[in-house]
Number of protein chains: 2
Amino acid sequence: MPGSIQSIERAAAILELLAAAPVPLRVSEIGSAVQLPRATAHGILRTMLDVGWIEQDRVSGKYLIGEGRFAPGGRQVDPNELRARSMNWADPLAARSGEAVRVAVPEGPAARVIHYVFRPDHSTQKADVGALLPGHASALGKVLLAFRPSAGQALTDQALTPYTSRTLTTRSRLTSELAQVRRQGWAVEQGERQMDLAALAAPLTGLGGLVVGAVGIHGAVDRICDPNGVPRPRLLALVQECSRAIGRELHTPRTQA
Amino acid sequence: MPGSIQSIERAAAILELLAAAPVPLRVSEIGSAVQLPRATAHGILRTMLDVGWIEQDRVSGKYLIGEGRFAPGGRQVDPNELRARSMNWADPLAARSGEAVRVAVPEGPAARVIHYVFRPDHSTQKADVGALLPGHASALGKVLLAFRPSAGQALTDQALTPYTSRTLTTRSRLTSELAQVRRQGWAVEQGERQMDLAALAAPLTGLGGLVVGAVGIHGAVDRICDPNGVPRPRLLALVQECSRAIGRELHTPRTQA
DNA sequence: GCAGTTGTTCGACAATGTCGACAGGCCGCC
DNA sequence: GGCGGCCTGTCGACATTGTCGAACAACTGC
């Protein structure tokens, strides 16, 4: 099929139309300009609204081009919004798994913790919100690295700090590990950053399949994994379920009721 | 169908991925990052290549984000490229119609002439390449105005300079005229800018249905139209055929063989 | 040299987007 | 104030469209 994808071509045409327009445009104007039924134009507009390329004036209903997109280093998903959306699902995960929960977003080759839910028991714990987890030595980091080729690019063997004897310290081993993470859709960390700690993590998938963050649990190795070092299926299922739930939430950005 | 269009969502995801990447990425990397088969990712990438959102390194085959797109007043189609592509079809149009041919691109509410082909007979003529034709009083201008809602927005009744007694000088009459142009796909001008001149014009449709320019013929009123003021069908067909041919040319931007 | 990549093309299937028609809301004109 | 036109957004059936597996060729690195 040596043809281009029409939906995208049409979206591009409409986007250029809006970019060239000094004032917001109504759906019918756009439709007649590109010779498309209004319903079709509306569908394309709504999609571009969802992905943030364009904006809609709430009172007039007219559409206008979004601000400062695609600028070099253009903004990813807003961490605050992601935190807000994941809270509803992170709490139940902690309750049902009995472990502490973390949500993280990518920051260079590392993972920035943006949300933390304490383990249900009343032991002393410390929330490390704001902390930077190493990408190669944490479950959350591995997930982000696996689905963000841009980040992994910069990692050299020298940068793979060995935290424990189990830390992956060569680029080739890390690469194959990340390939496995991509295949199976989740990552595990056992004693790679701290000998007595293990963790599980899964990606948070935004619109279009783009991974915008990761969610996971962490705790004592013997609670997270069985004696053979295999993650306990129940915990794994809980993490994946939570990941999918937040993902679904991200797919419905019907903000502003 | 209260769902978004997936192709566009995926394109957006890939675009953000590329925007966040400091270095060019290969197809397979992109595919695994958004969990898509390579062929699918390739199709989306090719489309975004065609519309100019991304670029491809000719030697490595890697993809990188395009430069300076969507900047306020971002570039339209390059007039030089449009001129080059339309030349092959404008010449035959002049030969077969026996009239002079003009190609124009939008510039504000007016039409900038970027190409001119002399009428085959050897009468004295003057090529007005570079001239600015009024949008409301020329066939080329009406076509551009009809498919560029952004331009018409600024026109007030005061701006509708009356060149002759036949010039459309009220906004309402112009609006209905433009609606008709959109319906039928071509525009006519008879004595509206110069009493003894008539013209026919049709849009040049780029990718996705966006009108990027217009092509048309002009000459003595009695040669362009019949005594009743109706455009001669043969000439009209020739203009439309030429318009479609150039449009097809624009849809195949397989530049650089 | 071969084995493992890579980017790209082709074709068939069915999932997807398109488009006509309907409902709800708003403005403006009588 | 009520009415008519025009607007945006929704729903559903159809078929066009995009997707995805498999095959091809060119390239890289053991």
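Hydrogens, waters and symmetry mates play no part in the numbers below; they use all other heavy atoms, side chains included. These numbers were taken from a predicted model, which means no experiment stands behind them. Below, chain A is the first sequence line, B the second, and so on; all start at residue 1.
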For atom CH2 of A:Trp89, decide whether the heavy atoms of other residues, nucleotides or ligands shown that lie under 6.0 angstrom number more than 12.
-> no
Which one, C:dG7, D:dT8, C:dG17, comes nearest to the side chain of A:Ser28?
-> D:dT8
Nucleotide nearest B:Pro37 (side chain, heavy atoms from C-beta), chosen from D:dT8, D:dG21, C:dG17 = D:dG21
Using a cut-off of strictly less than 4.0 Å, decide whether A:Arg46 has a side-chain nitrogen or oxygen near OP1 or OP2 of D:dT10.
-> yes
Whole Å only: how far is the CG atom of B:Asp57 from the P atom of C:dT8?
-> 11 Å
Partner set under salt bridge (charged side-chain N to carboxylate O under 4.0 Å, His left out) for B:Glu241, not counting sequence neighbours | B:Arg96
A:Gln56 vs B:Thr40, nearer the 5' end of DNA chain D by closest nucleotide = A:Gln56
Look at the side chain of B:Tyr63 and decide which nucleotide, out of C:dT8, D:dT17, C:dG17, has an atom nearest to it.
-> C:dT8
What is the distance from CZ of A:Arg38 to P of C:dA21, rounded to the nearest Å?
-> 12 Å
A:Glu189/A:Lys142 salt bridge by N-O under 4.0 Å criterion | no
Ranking D:dA22, D:dG9, C:dT6 by distance to the side chain of B:Ala39, first place goes to D:dA22
Closest nucleotide among C:dT8, D:dT8, C:dC19 to the A:Val27 side chain = D:dT8
Check the distance between D:dG18's P and B:Ile5's CD1 and give it to me in whole angstrom.
-> 10 Å
Whole angstrom value for the distance that separates C1' of C:dT8 from CD1 of B:Ile44 = 15 Å
Residue pair A:Glu177, A:Arg173: steps toward the salt bridge (Lys or Arg N to Asp or Glu O under 4.0 Å) verdict | CA-CA 6 Å; A:Glu177 170 88 359; A:Arg173 296 214 46 174; over 6 Å; no
Which whole-number value in Å describes the distance from A:Met48 CE to D:dG9 C1'?
-> 16 Å
Of C:dC19, D:dT8, D:dC20, the nucleotide closest to the side chain of B:Leu36 is D:dC20
Between CD1 of B:Ile30 and C1' of C:dT8 the distance, given in whole Å, is 14 Å
Between C:dC19, C:dT16, C:dT8, spot the one nearest the side chain of B:Gln6, thanks.
-> C:dT16
A:Leu178 backbone acceptor or donor facing A:Gln180 side chain under 3.5 Å | no
Measure from NE2 on A:His42 to P on C:dA23 and round the result to the nearest Å.
-> 18 Å
Starting at atom CZ of A:Arg10, determine the distance to atom P of D:dT16, rounded to an integer number of angstrom.
-> 13 Å
Minimum-distance nucleotide to B:Arg26 side chain [options: D:dG18, D:dT8, C:dG7] | C:dG7
